[in-house]
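This report refers to the structure that appears directly beneath it.
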Amino acid sequence: MGCFECCIKCLGGVPYASLVATILCFSGVALFCGCGHVALTGTLNILEQHFSSNASDHALLTEVIQLMQYVIYGIASFFFLYGIILLAEGFYTTSAVKEMHSEFKTTACGRCISGMFVFLTYILGVAWLGVFGFSAVPVFMFYNIRSSCDVLKALPVNYTTAAEQICVDIRQYGIIPWNALPGKACGSALENICETQQFYMSYHLFIVACAGAGATVIALLIYMMATTYNYAVLKFKSREDCCTKF
């Protein structure tokens, strides 16, 4: 076998679906974790400076945000390891199915591990659908604030009374209690919030984090299809009469 034929045979054993899913998963998780971590910190600073002057009113929110940031560290570590494991499993099953090195050989333990990855990937896919939906909530909140600011900018200069009637009450989202003061921002105060660099960065970072969560969902869907196909082929070819019943 020449060098060219050897390279073609080696490339035939590459699990391209798992490789694409791994790259997409790493990119999505990195965007979600990195941007989400910074955006949560910026959101807490905005609340402290403009919506909740008393630290005891947002003490619970502060603890929740800190907990979520620690969870983000765990998610990043877990998916880095899980993506590498799934890619290795893809190389194993692809080589076994295509009989890259010798005749087809697989064990019950190998098929059991492949089945476990199928089940676990399905569970993670459903869980990340929830994460994707949850990550859209802060985007919706910041979008509403930004829309109110756009309405303020569109008003004529002499409409000061109407401008002061346009408010955003952050308490209606349930992230701070109703007795928190001031709890809302109106008119020029609201416009000043939207013009801060911290608001601008947090808003766009939440958008990127939501996009990262969506990319991770797509990656897990690709993993689902790849692992399910590999498991089905391994189980089918392990039967002694697979050639007559194919």
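We use all heavy atoms of the structure for the numbers below, so side chains are in, but hydrogens, waters and symmetry mates are not. We're numbering straight along the sequence, starting at 1.
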- Might you work through the side-chain contact (heavy atoms from CB on, under 4.5 Å) test for Leu47 and His58, ending with a clear yes or no? CA-CA 8 Å; Leu47 287 172; His58 56 268; 5.8 Å; no
- Kindly determine whether Ile145 and Leu190 satisfy side-chain contact (heavy atoms from CB on, under 4.5 Å), including the steps that lead there. CA-CA 8 Å; Ile145 299 175; Leu190 177 60; 4.0 Å; yes
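Summarising the geometry, atom CD belonging to Glu48 is positioned 11.0 Å from atom OG1 belonging to Thr43; distances are rounded to the nearest 0.5 Å. Distance check: Thr121 OG1 to Met225 CE gives 12.0 Å after rounding to the nearest 0.5 Å. Taking OH from Tyr70 and CD from Gln66, the interatomic distance works out to 6.5 Å, rounded to the nearest 0.5 Å. Distance OG1/Thr228 to CZ/Phe119: 12.5 Å, rounded to 0.5 Å.
Using a 4.5 Å heavy-atom threshold, the side chains of Phe51 and Ile175 count as separate. Gln69 places a side-chain heavy atom less than 4.5 Å from the side chain of Thr41. Between Ile72 and Leu40, the closest side-chain pair of non-hydrogen atoms falls below 4.5 Å. By the 4.5 Å heavy-atom criterion applied to side chains, Ile176 and Ile170 are counted as neighbours. The shortest distance between side-chain heavy atoms of Leu129 and Val217 falls below 4.5 Å. In this structure the side chain of Leu86 never reaches within 4.5 angstrom of the side chain of Thr22, judged on heavy atoms. Considering only heavy atoms from C-beta on, Leu152 comes within 4.5 Å of Glu191 through its side chain.
Between Tyr73 and His37, a ring centre-to-centre spacing shorter than 6.0 Å is recorded.
In plain terms, the two heavy atoms of Gly212 and Leu31 that are nearest each other are CA-CB, 4.0 Å. Taking every heavy atom of both residues into account, Ala21 and Ala219 meet most closely at O-CB, 3.4 Å. In terms of heavy atoms, Ile166 sits closest to Ser148 at CG2-O, 4.1 Å. When every heavy atom of His50 is checked against every heavy atom of Pro182, the shortest pair comes out as O-CG, 3.4 Å. Looking at every heavy atom in both residues, Thr227 comes nearest to Val118 through O-CG2, 3.4 Å.
Each of Phe206 and Val208 belongs to its own hydrophobic cluster when Ile, Leu, Val, Met, Phe, Trp and Tyr are linked at side-chain heavy-atom distances under 4.5 angstrom. Cluster membership check: Tyr143 shares its hydrophobic cluster with Ile193, using side-chain heavy-atom separations under 4.5 Å among Ile, Leu, Val, Met, Phe, Trp and Tyr. Using a 4.5 Å cut-off between side-chain heavy atoms of Ile, Leu, Val, Met, Phe, Trp and Tyr, with links allowed through other members, Phe80 and Val29 fall into different hydrophobic clusters. A continuous path of ILVMFWY side-chain contacts below 4.5 Å connects Met141 to Phe134, so both sit in one hydrophobic cluster. The hydrophobic clustering, which links ILVMFWY residues whose side-chain heavy atoms are closer than 4.5 Å, places Ile207 and Phe140 together.
Heavy-atom contacts from other residues, nucleotides or ligands closer than 6.0 Å to CE of Met201 number 12 or fewer.
Residues Ser18 and Glu89 have side chains that never bring a donor and an acceptor to within less than 3.5 angstrom of each other.
Phe79 pairs in a ring-ring contact (aromatic ring centres under 6.0 Å, His included) with only one of the listed residues (Phe26, Trp128, Phe32), which is Trp128. With respect to Phe117, the side-chain contact (heavy atoms from CB on, under 4.5 Å) criterion is satisfied by exactly one of Tyr82, Tyr122, Tyr223: Tyr82.
Within the 3.5 Å criterion, the main-chain N or O of Leu181 finds a donor-acceptor partner in the side chain of Ser53. Panel note: side chain Ser202, backbone Phe199; no donor-acceptor pair is recorded below 3.5 Å. Listed for the Ser135 side chain is a donor-acceptor partner under 3.5 Å among the backbone atoms of Phe132.
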